[in-house]
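One structure below.
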Amino acid sequence: MKLATLAPRRWLSVTGKSLLPMAALTSGIIFGIEIAKMASASNVHTWATPLITVFFVTIVAALASFTFLRREERLRRKMASNEERYRLLFERSLVGAYRTTLDGRVLDCNVAFCQMFGYASREEVIGNSVDVGYLSPTDREQFIDKLRAERHLINFEQRLRRRDGTVATVLNSATLAEEENVSGPVIKGSLTDISALRHAELEHRRLAAIVRCSDDAIISLTIAGVIETWNQGAERVYGYSANEVIGKSIDFLAPADRSTEFRQILERIGNDNEVSEFETFHARKDSRQIAISLSVSPITNSTGVVVGASSIARDITEKKRSEDALRKSEVQYRLLFDCNPFPMWVFDRNTLRFLAVNQAAILQYGFSEQELLAMTIADI
């Protein structure tokens, strides 16, 4: 890839070729003038001064030429060094760099460009068409039309096809330019693969939709307990809007007799970096206490340090109320069963084995409770 401009080198070449003849011509003219003067003079002293002049003029011209040639050589070496440096940057850059003709033929590309699209070497790409990398001809036409109109594009987002058929999302920065030895405009550009970023953004939107629509209260906190996010489920569970609570400490949700509960949870998570699950009670905006099933998970930074917590709270007040009612009902029926004066038992309809017997049945049949539970109805 020809990265250095040719203008300075061309100027040096032309100037270097013309300066020496000019210096020689100038010296020759001065020398001729002085010879003419000396020819018209017969005095030896008259000849001495022109000879000295010619000598010094020749020396000055030679020094000027030598100085210029040294300067030209230093500049040429510097330009060659810069060109080599840019070549190394081009070839070893982590960003995919390329040069193509306007019709799509690849003139040059670096290793990162090849790897981005699943090719093992530059030889597999150079000389081929970039059309195979576009999902449709229309996509390339739109890119070319926009580049022709603007001449220069920065971070133009495209979806391109890799060698294995998978799709890569890239940012394409391209310039339309002219080059010697290439007929027609040349596209010079670089590609940055942002596929992972777009995938992460998609996953983030999916998770955000799940969080937003969840019936559970999903809350994120700093490690100090300050509320950072508050979903619609939290608004339904606790009665507070997001604007009322974001930026405040979550301690206000704990009843008076559990005022330090959140602080203890966050300290434990910060130390152990483990999920904490338990049941507790929280206070709603209308001052009612509700039973909560709470799961608190640590949020870590890139180095694994806990910087916050994610809390998922589910209102289990009705569930607890139903469980209490069922438990009370079980106790009542158990008392009726155990204290009934008539023999009663419960058995499995398939195996006919006794599952429970009351005291009256034990007394009537003369077997112990353990013996009856090992028997079937057929045994009595």
Side-chain angles (χ1 to χ4, degrees), residues 166-169 192-327:
T166 59
V167 176
T169 304
T192 303
D193 191 343
I194 58 169
S195 303
L197 176 62
R198 289 292 179 259
H199 179 73
E201 289 176 349
L202 178 60
E203 287 301 311
H204 175 75
R205 287 194 294 270
R206 287 173 178 169
L207 290 174
I210 293 172
V211 169
R212 184 171 57 253
C213 300
S214 175
D215 288 332
D216 293 336
I218 302 177
I219 308 164
S220 64
L221 314 164
T222 67
I223 197 62
V226 176
I227 298 172
E228 293 186 314
T229 63
W230 184 269
N231 73 334
Q232 295 176 3
E235 293 182 357
R236 288 188 291 269
V237 171
Y238 294 109
Y240 295 95
S241 68
N243 292 334
E244 291 178 292
V245 298
I246 290 179
K248 295 182 179 179
S249 174
I250 198 170
D251 291 336
F252 74 93
L253 293 179
D257 59 341
R258 300 169 183 262
S259 59
T260 62
E261 183 176 68
F262 282 110
R263 188 70 49 199
Q264 294 171 354
I265 296 171
L266 293 173
E267 287 178 359
R268 186 164 60 251
I269 287 177
N271 294 330
D272 301 337
N273 196 8
E274 294 180 355
V275 177
S276 182
E277 296 182 352
F278 57 96
E279 294 181 359
T280 184
F281 290 92
H282 285 171
R284 279 179 49 87
K285 184 178 181 179
D286 57 12
S287 300
R288 289 192 299 113
Q289 282 196 13
I290 53 176
I292 292 291
S293 173
L294 190 64
S295 175
V296 185
S297 305
I299 298 175
T300 60
N301 61 15
S302 58
T303 61
V305 177
V306 179
V307 294
S310 174
S311 169
I312 302 177
R314 176 171 297 177
D315 185 353
I316 57 171
T317 305
E318 289 301 321
K319 177 185 175 184
K320 285 293 184 182
R321 187 175 293 122
S322 298
E323 289 176 351
D324 289 341
L326 180 60
R327 187 164 45 253

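Note that the structure is a prediction, hence the values are computed from the model and not measured.
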Problem set entry | Results of ring-ring contact (aromatic ring centres under 6.0 Å, His included) for Phe281 - residues two or more places apart only |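 ring-ring contact (aromatic ring centres under 6.0 Å, His included) list for Phe281, sorted by chain: empty.
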Problem set entry | Phe262: ring-ring contact (aromatic ring centres under 6.0 Å, His included) partners, not counting sequence neighbours | His282
When you compare the side chain of [Y] with that of [X], does any pair of heavy atoms fall below 4.5 Å?
X      : Y      : answer
Trp230 : Ile250 : no
Tyr240 : Ile227 : no
Arg205 : Leu202 : yes
Ile265 : Leu294 : yes

Mind listing the closest non-hydrogen atom pair of [X] and [Y] along with its distance?
X      : Y      : answer
Asn273 : Pro298 : OD1-CG, 3.1 Å
Leu266 : Gly225 : CD1-CA, 3.4 Å
Ala254 : Ser259 : CB-CA, 4.3 Å

So does [Y] get a backbone contact from the side chain of [X], meaning a donor-acceptor N/O pair under 3.5 Å?
X      : Y      : result
Arg284 : Val237 : yes
Ser322 : Glu318 : yes
Ser195 : Thr169 : yes
Glu279 : Ala291 : no

Exercise. Regarding Asp315 and Thr317, is there a side-chain donor-to-acceptor distance under 3.5 Å anywhere?
Worked result: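 Side chains of Asp315 and Thr317: pair found under 3.5 Å.
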Between [atom1] of [X] and [atom2] of [Y], what distance do you get to the nearest 0.5 Å?
X      : Y      : atom1 : atom2 : result
Ile290 : Lys320 : CD1   : NZ    : 13.5 Å
Ser297 : Ile269 : OG    : CD1   : 7.0 Å
Ser241 : Glu235 : OG    : CD    : 6.0 Å
Asn231 : Ile312 : CG    : CD1   : 9.5 Å

Does anything in [range] form a salt bridge (Lys or Arg N to Asp or Glu O under 4.0 Å)? List the pairs, not counting sequence neighbours.
range            : result
residues 289-309 : none
residues 289-314 : Asp216-Arg314
residues 288-306 : Asp286-Arg288
residues 236-251 : Asp215-Arg236, Glu244-Lys285, Asp251-Arg263

Problem set entry | Steps toward side-chain contact (heavy atoms from CB on, under 4.5 Å) verdict (Thr280, Ile292) | CA-CA 5 Å; Thr280 184; Ile292 292 291; 4.3 Å; yes
For [X], give me all partners under side chain to side chain contact (heavy atoms under 4.5 Å, CB included), at least two apart in sequence or on another chain.
X      : value
Glu203 : His199, Arg206
Glu274 : Asp272
Leu197 : Ile194, Glu201
Ser220 : Glu228, Thr229, Ile299

For this session: Determine which pairs satisfy ring pair (Phe, Tyr, Trp, His ring centres under 6.0 Å) with at least one residue from residues 293-317, sequence neighbours left out, and list them in order.
Result: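 Found none.
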Exercise. Which pairs with one or both residues in residues 303-312 pass side chain to side chain donor-acceptor pair (under 3.5 Å), sequence neighbours excluded?
Worked result: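 Every pair satisfying side chain to side chain donor-acceptor pair (under 3.5 Å) with a residue in residues 303-312: Asn301-Thr303.
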